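A quick note: this is a predicted structure, and the numbers were derived from the prediction, not measured. Naming convention: chains lettered A, B, ... in sequence-line order (proteins, then strands); numbering from 1 in each chain.
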There are 2 protein chains.
Amino acid sequence: MSHSQAGLGAAHASSRAAILDLIRASGTISRVELTRATGLTAATISTVVRRLIDDGLVLEVGRAESTGGKPRMLLELDPLARYAVGVHLDHAGITYVIANLGGAIVARWKRPGAGSDDPREVVARIGGEIAATVARVGVDPARLLGLGVVSPGPISAFTGMTLTPPVMQAWTEFPLAAALEDAVGLPVLLDNDATAAAIGEYWSGGITSGAAFAALYMGTGIGAGIIVDGTVYRGSSSNAGEVGHICVDLDGPPCWCGSVGCVEALAGPAAVVAAARDAGVELPGRGVSEDFAVLARAAARGEEQPMRILRRSARYVGVAAQTLANVLDLELVVLTGPAFALAGSLYVPEVERRLAQSFFARGSHPVRVAISTNAPEAAAVGAAALVLQSELAPRQAGMRMPERSLEVPTGT
Amino acid sequence: MSHSQAGLGAAHASSRAAILDLIRASGTISRVELTRATGLTAATISTVVRRLIDDGLVLEVGRAESTGGKPRMLLELDPLARYAVGVHLDHAGITYVIANLGGAIVARWKRPGAGSDDPREVVARIGGEIAATVARVGVDPARLLGLGVVSPGPISAFTGMTLTPPVMQAWTEFPLAAALEDAVGLPVLLDNDATAAAIGEYWSGGITSGAAFAALYMGTGIGAGIIVDGTVYRGSSSNAGEVGHICVDLDGPPCWCGSVGCVEALAGPAAVVAAARDAGVELPGRGVSEDFAVLARAAARGEEQPMRILRRSARYVGVAAQTLANVLDLELVVLTGPAFALAGSLYVPEVERRLAQSFFARGSHPVRVAISTNAPEAAAVGAAALVLQSELAPRQAGMRMPERSLEVPTGT
DNA sequence: GTGGCATTCTTAAGCAAGTGAACAAAGTAA
DNA sequence: TTACTTTGTTCACTTGCTTAAGAATGCCAC
């Protein structure tokens, strides 16, 4: 299984990526619409699309209604053309996902977490898991684009492809990506959970390609992945979107990050569980995620105390969303991750309310709020989408030049 | 005075812009360094630089030390090659600036504000002011690239080139840009003060081209301009950076924007002045900006009450800076605008302290804090820089493709 | 049907940005 | 002086894209 087998030539790299991304975002689209959307000429679209069809990535799926002349040929991504594997490493467990080009989940399974095992052993185990499932579900290995691996917390940009604390101290100096590339025989990408979840949402959530949106991810902590114009915004050291550690109360409680009044310290799962325990709610006490799940279920049943505690958390999450929206002028905030998967029905209305009432540019446009369709496995799905994105649409930025450089930017 | 006269061909548009930007950022640089920094080949650099020299934008200013072979030829921007006019419209007054390519101020003057005059009259007045001063200081009109106009508050993206409330209600439906283009005979750009201040800082502050940084602007309100990789981040409706209206206190005072606990409502000039008056500090009462100036001077003299009030404001500004830095993973925050020009010595240490102690990724890299060298006229200088940027470096985004697409991003 | 006509899509010639390779230029080291 | 190193330019060639022409495929009037 070679790396380049499923790879694609660099020809037409940027337009190819943009066109592919538009096809993905639209679901179904014609060449004519692509010319309008990209600003390229019909001739270029024709040749690039021809190439995409020859590569098997795109299918012609019928004709549109005629508008007086030759009817347009409709194009779609071939969801079965390529696949990617996504892995979410967490102390709670390892979640695996195999996704296809359409962002649909082909296989999904869970295994116990790495614990304190030797990294090399864990890598071998992961390799075995993937090989076995790929064979079992009958995915052609030649169509596997790569493996995305995601974990909470920042990825080390310096030591090259290793995970850093806070979560998995044993792994600090282990060259995870290289080891996995050897074990799995696929290119490997690392990233953090929130960023991956954002790309996952972008890829499988049918989000329009020009949008500025953020995925608020609540798992162990609270983070956000930011996507602008189809590319991840990473900031200067890949630590952008740390919305869990913005201060919303100068006199708030201390946070593990060293600051006080952080959103995470006030509204994160650990804080919620602690507040519930202080309030006398009975919880199993076998870890924060399980306790949070119990609490969320109690709130869903309408129990007073749990609802009150989660609503308080939701208020702060709303502030985090509002902050993101004000700073980045977002169109959309997606709530995702295990915590919102469990308690989304409580959080969504509160976040919606806050954005409707307090988003600064609300007069100009609203900020939509949505809950991810894959919230529980968002990180793993995102890990797979990371690979799809980087292999199929590694574009730098938008490709339209403004018609004239000296004009007021006319954002939507 | 035609528009295209000083314009530049679109040839080599993107690399040309990137190279020009690198020369600007470095001050002095050689072709070899440009090849390294851009990733382009020596051949390309050679031809593009040749063109820049032919256009008169760049000068060869001597040789570097030999490193064993032919010494490098050093390149610099010719600051006198082009000029731009910047205008800052505010109710307090109209500030004019003529800046050269180096971002240096060639002329600077102030006139009373527009008041309730007829927009057409004001436009004529502005045109006269500019023509007179251009003639007086001896700037060759053919070298004038354009006119940047800046005002507080958002720019209307819909009605096309007009100012919107909150500030200048009379101007809502007036086609300012078109009218000014006619009156001045130059291309006109509109933007808001914070964004312009950020570009101004980028252009004249010698900021490295790859940086992610924000300019915190405190004038009438509090806003921020965000620059990533040499381009303004505007968000989906050009309202990004509204850091004055992030919530830092859920139970805080109401803000004119309709929310509560906004940074601006707690720490903006109006809030500071109001707090001072409540505390019994004597102020002239002829407008917020003058009252703020009196207060800042009193604090600079060491008066207890004013210092206490400004420090409280500085704490919130620190939180705003921290929020920006956490969300965007910034390397640098520049404080600018009239308010920081007056009271920067009080605000800078507080913001520095907060970022050093509470920026989430402080383990990875620090966030530098600086005060603008042009803080009082930052908006007007930025207006001029807006023109320089858009005429000379209208690039879309960074131009380096990663060596290999499947790798962890290795931000600095 | 058959010939307009509109629209979509493809093909062919040409332009321009960028590359690789050869070479010219300007210094240092023996 | 000769050899070597580094810098900078020239030139043939690739490639992404455009313009222009034409082919394909529908509708509609007759």
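- Taking side-chain N and O atoms only, B:T41 has no distance below 4.0 Å to OP1 or OP2 of C:dG18.
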Worksheet item: Yes or no on salt bridge (charged side-chain N to carboxylate O under 4.0 Å, His left out) for A:D55 and A:R16, after CA distance, side-chain angles and deciding distance?
Response: CA-CA 12 Å; A:D55 287 344; A:R16 180 193 168 101; 2.9 Å; yes
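- Summarising the geometry, the separation between CD1 on A:I45 and C1' on D:dG16 is reported as 12 Å, rounded to the nearest angstrom.
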| request: I would like to know whether B:R63 and B:M73 meet side chain to side chain contact (heavy atoms under 4.5 Å, CB included); could you show each step before the answer? | output: CA-CA 5 Å; B:R63 303 163 139 52; B:M73 194 62 99; 3.7 Å; yes
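- The side chain of B:R51 lies closest to C:dA17 when the candidates are C:dG18, D:dC17, C:dA17.
- Here C:dA26 is the nucleotide among C:dA26, C:dT10, D:dC17 with the atom lying nearest to any side-chain atom of B:R63.
- In this structure, A:R50 places its CZ atom 17 Å from P of D:dC17, rounding to the nearest Å.
- The stretch residues 65-78 of chain B comes close to DNA chain D through B:T67, B:G68, B:G69, B:K70, B:P71, B:R72, B:M73, each having a heavy atom under 4.0 Å from the strand.
- Taking atom CD of B:E60 as the reference point, atom C1' of D:dT9 lies 12 Å away to the nearest angstrom.
- No option in B:L392, B:D78, B:I23 other than B:L392 meets the side chain to side chain contact (heavy atoms under 4.5 Å, CB included) test with B:L57.
- In this structure, of C:dG18, D:dC17, D:dT10, it is D:dC17 that holds the atom nearest to the side chain of A:S14.
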Would B:V49 and B:L34 satisfy side chain to side chain contact (heavy atoms under 4.5 Å, CB included), going step by step from the backbone distance to the final call? CA-CA 10 Å; B:V49 167; B:L34 285 174; 4.0 Å; yes
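- Between the side chain of B:D191 and the backbone N or O of B:T195 there is no donor-acceptor pair closer than 3.5 Å.
- Here A:S66 pairs with nothing under the side-chain hydrogen bond (donor to acceptor under 3.5 Å, both in side chains) rule; sequence neighbours left out.
- Between the CG atom of A:L40 and the C1' atom of D:dT18 there is a distance of 10 Å, given to the nearest Å.
- The shortest distance between the side-chain N/O atoms of A:R31 and the OP1/OP2 oxygens of C:dT7 is not below 4.0 Å.
- Picking from C:dG18, D:dA20, D:dG8 the nucleotide with the shortest atom distance to the side chain of A:A43 gives D:dA20.
- In the set D:dT9, C:dG18, C:dT11, the nucleotide with an atom closest to the side chain of A:S46 is C:dT11.
- Annotation: side chain of B:W203 is in contact with side chain of B:L101 (closest heavy-atom distance under 4.5 Å).
- Considering only side-chain N and O atoms, B:S15 lies under 4.0 angstrom from the phosphate OP1 or OP2 of C:dG18.
- A straight line from CG of B:L52 to C1' of C:dA17 spans 15 Å, rounded to a whole angstrom.
- As a whole-Å value, the separation of A:R16 CZ from D:dT15 P is 15 Å.
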